[in-house]
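One structure below.
Each chain gets a letter, A, B and so on, in the order the sequences are listed, and its residues count up from 1. Just so you know, these numbers come straight off a predicted model, no measurement behind them.
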Amino acid sequence: GAGVSQSPSNKVTEKGKDVELRCDPISGHTALYWYRQSLGQGLEFLIYFQGNSAPDKSGLPSDRFSAERTGGSVSTLTIQRTQQEDSAVYLCASSLVHRQGGYEQYFGPGTRLTVT
Amino acid sequence: AQKITQTQPGMFVQEKEAVTLDCTYDTSDQSYGLFWYKQPSSGEMIFLIYQGSYDEQNATEGRYSLNFQKARKSANLVISASQLGDSAMYFCAMRPNTGFQKLVFGTGTRLLVSP
């Protein structure tokens, strides 16, 4: 079956512009996660969706970052007034959610964002 | 708070040999999961293996096994019979088994398999 897909795969933008990154999770996965990976670093959690609601936004680095999920499926991560430090690979993951534990998260290929 | 520590920035192994990638963790949760992911140069994160904190047996998946020592809070990945295609970054991660299930990742170990 289809895995997690993300678009665009690469995005180059000028400092100060807004960008939208899209994630299409695996069909039937109710949990969706956004992570950020800066060059040579591990993954940093940004936000988590259960259905369309985001119970955990603790990882969003500033109020320039926002995300939404509609129809329990596609999610969009928006970065306003981009800064050079926003340059990173943005990874989306999805999983099933079980009451007594979770399932492994399946990751998309990522969007490489470069802010010039 | 949870923390994952991977102390080996890089490891080298010859093809067909076994290699152990170290991972220690810190958490106050009683129930949690430990994961290993592989990230090849193409960038995707590939799930390899999962160990639950209450699992009595060490997890195994093909050539991958997880050496889980709960008292030491370690979850080392063992790759047997290394292959050239195993060259990649390897990340250890953990999450609680209740509540918000975000993964906390270590900084990774780059494995290079030589012929």
Of all the heavy-atom pairs spanning B/Y37 and A/Q105, show the shortest one and how long it is. OH-O, 2.8 Å
Part of B/Q39 within contact of chain A (heavy atom distance under 4.5 Å): side chain
Interatomic spacing from OG in A/S95 to CZ in B/R95 - rounded to 0.5 Å: 7.5 Å
Roughly how far apart are B/F47 CZ and A/E104 CD, rounded to 0.5 Å? 4.0 Å
Report whether [X] and [Y] are members of the same hydrophobic cluster (ILVMFWY, side-chain heavy atoms less than 4.5 Å apart, transitive linking).
X	Y	result
A/Y33	A/L46	no
B/V113	B/L48	yes
A/W34	A/F45	no
B/Y64	B/V13	yes

Between A/F107 and B/E44, is any pair of side-chain heavy atoms under 4.5 Å apart? no
I need the residue from A/L43, A/L91, A/V89 with the largest number of non-hydrogen atom pairs under 4.5 Å to chain B. A/L43
Determine whether more than 12 heavy atoms belonging to other residues, nucleotides or ligands lie under 6.0 Å from atom [atom1] of [X].
X	atom1	result
A/L39	CG	no
B/Q30	CD	no
A/K17	NZ	no

Quick one: does A/Y35's side chain have a donor or acceptor within less than 3.5 Å of a partner on B/L103's backbone? yes
Side chain, backbone, both or neither: which part of A/I47 has a non-hydrogen atom closer than 4.5 Å to chain B? neither
For A/Q37, which atoms come within 4.5 Å of any heavy atom of chain B: side chain, backbone, both, or neither? side chain
